[in-house]
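A short write-up of the structure that comes next.
Every chain is numbered from 1, with letters handed out A, B, ... down the list of sequences.
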Amino acid sequence: MSEKQFRLYDSLSRSVKPLTTLEPGHLRFYSCGPTVYSYAHIGNFRSFITADLVVRTALSLGWKVTWVSNITDVGHLTEDDVADAQGEDKMEKALRSKEGEQFHNVWELAEFYEDAYREDWKQLNLLEPDVRPKATQHVREQILVAEELISKGYAYETDSGIYFSVEKFAGYGKLSGNTQENLRKAVRDVVLDEEKKDQSDFAIWKKDDKHLMQWFSPYGWGFPGWHIECSVMARAYLGDTIDLHSGGEDNKFPHHECEIAQSEALTGKPFSNHWTHTAFLQVNGQKMAKSAGNFYTVRGLVADGADPLAIRFALIGGVYRKPFNFTDQGLSDAATNLERFRRAVEIALAASGEGEDKLGEELAGLFDDALEAMCSDLNTPVAIAKALEGARLITREGNLNASTGLSAKTFLERVELLLGIIGPLETAPEPVQSLPAVDEIRILGQIEARKAAKAVKNWGQADDIRNVLLAEGILLTDNPDGTVTWSRA
RNA sequence: GGUGCCGUGCCCAAGUGGCCUAAGGGGUCGGUCUGCAAAACCGAUAUUCAGCGGUUCGAAUCCGCUCGGCACCUCCA
C-alpha cells in the first residue's frame, strides 16, 4: 500500500505528475498563508485545505512532512493612504471599519486577525504546520537578499526602492504563461514609474518613511516588497530547493512568478519542483465579495449554526482544481453526511463481545480506494464516496463485536487522518457548540408521561408530548429495544 | 487585447478516447422497521454529458466554431 504514487497537477509543467521528494519519503512543503488584515473567508480556506489535504495524503502514505505555512503581517499602507478617503488600501479599510476601531495601530490589528485565523484553522480541522513564520520576523533576511540580488546584477536601486530586473531572468513568465511582451501590452492602468528600467520590474524593497510599518535598511526607512518574504522564509526553513509550493490561483501571477525569479536568481537552483494552485470558490453561484453580501467567513457560518466540520466537508466536495460553488444546500448536504460518519463512530466505539471480524477486509479495501483517489490529484469527491461506503457498511451491521469494532475504528481513524471530516473519534459524536441549557429532569419526566400514554394506546397524547418537545428543539427517538432517548434536533 | 480554466440528471459533483448501457451525496418516489414518526437499511430516479460540425472501428472524453460562466494580466496575494 505504501508503494502508491502520489500524483498531483503541477502548474509549472501543466500536467499531472508524481510528486517526488528530494529526500525519499520526506516532503518539504511551503504553502502561502493569508495576509492578516481581516478575517479569512472560506475561499481563502479552500486553498489552505488543499495544502492540508496534501499533507494528510502524504502522512497517510507514511511519509514524513515538513510543512511551512506563512502569515503575512506586512501590509502596503502609508499614513497618506489612511488619510485618503478614496484609498483602496486593505489595512486602511480594516482600521476604519467597525471592527478596526478597537485597534491602536496596525500591529495590533495584524495580531488580532492572526489569532482569528488560527482559530478558524483549528475549527476547520486543519493540521498544524510545523512552522508558521511571520514576514515581520524575517525582514533582516529580506534586506540581505535584496543586497545580494543587487550585487549579482539582478536588482537595482531607484529613488523609490529596490527593483528586480525582469529581463535579467530568462525564466520570467514560465509559471503564469505571461510573456514579457504580453505583460507590456496589457491594457491596464498601471502606475507608471519612470525610474524603473522596465514597467514589468517588481519591488523587492520600498522606500517609505511614512509607512505604518517600517524598518531601517541600507536604503533608508522602508518596508519589504510584496513577494520577497515567501522566497526568504521558504529558503530559511526548507532549503534552496523545495519539493512543493502551493497557493490560490490568484497567487500564480505575479506572486509566485516573482518568487521563482528572485529565488532562482539568488541560488541558481530550482526554487520548487512542484507547484499547485487551488481554483476560486463561488458562493451560491456568485463571485464572493463583500459588496455582494456573500462574504462567508468560518465564524460567520458557525454563528449561523453551521457545524465547522460540515463547512470543511462542503468545501472538499469538489476537486480543488476546478472552480467550486459553495451553496447553502451543499452545506446542509455535508451536515447530513457528517451525521452518517458520526453514527458509524458511535457504533464502532460501542462494539463489544466475541466474534470474528466481519468487516476488516472490506473496510481496508475501501480505505485503500480512498487513498488511491487522493493520490490521483486529490480526488476528494471519490475519496469521500469510498469513505461513506465504509460508514454504510458499519451502520448496516449495527451491533458490532469487539474485533469488527476494532476494524471499524481503525477505518474511521484512517479516514480522519486522510480527509479530516470526522474529527477526533472520542469527541466526534458531540458537536462543540454553545447551546442554551435544557431542563433534563423535565424532559425525562415528559418521556415517562409519553410512555404511560403509549401504554394505554393514547397515541394523540403521546404525539403531542413529542411535538411540544420538538418545537423546543428536543428530538425524542424510540429505539428498537423499547428505550427512548432524546437529543438536540 | 493577452493568458489559463470550466459548462455532466431536480441540486451539488466524479469521470477526460473503449471496463460509461456516466461514481458518490442531497432531493424526490416506493419498500423494510415503527402505533405513527425519526434514524437506519433496501430499491427506483441521465440511451445521455451546453449547441453544431469534424477526427476515430469507437468520444462526455480529441479538434474547430458558437453560446454561457470564471480567474489572472504588477507592486493590492
message = Let's test your reading of the model: under 3.5 Å, does the base of B/G25 pair with the side chain of A/N337 as donor and acceptor?
response = no
message = Below 4.0 angstrom, which residues in residues 374-384 of chain A have at least one non-hydrogen atom near RNA chain B?
response = A/N379, A/P381, A/V382
request  = Would you state whether a donor and an acceptor, one from the side chain of A/R450 and one from the base of B/G35, lie under 3.5 Å apart?
outcome  = yes
key: Donor-acceptor pair (no angle test) under 3.5 Å: A/T35 side chain, B/A77 base   = yes
ask   = Would you say a side-chain N or O of A/T327 is under 4.0 Å from OP1 or OP2 of B/C11?
value = no
remark   = Quick note, A/L388 side chain, CB onward, closest among B/G24, B/U74, B/C5 is B/G24
remark   = In whole angstroms, the gap separating P of B/C11 from CZ of A/F324 amounts to 15 Å
query = Take atom CG in A/N458; do more than 12 heavy atoms of anything else shown fall under 6.0 Å from it?
reply = yes
task = Map every base of RNA chain B to its dot-bracket character, where paired means a Watson-Crick or G-U wobble contact with both distances under 3.5 Å and | marks a partner outside the strand.
result = ((((((((.[[[..)..(.....]]]((((((.......))))))....[[[[[..)....]]]]])))))))....
task = Classify the side chain of A/R392 and the base of B/C42 as holding, or not holding, a donor-acceptor pair under 3.5 Å.
result = no
key: Earlier contact from the 5' end, RNA chain B, for A/R14 and A/P254   = A/R14
task = May I ask you to verify if any side-chain N or O of A/R466 is less than 4.0 angstrom from the OP1 or OP2 atom of B/A37?
result = no
key: Distance test, side-chain N/O of A/K322 to OP1/OP2 of B/A14, below 4.0 Å   = yes
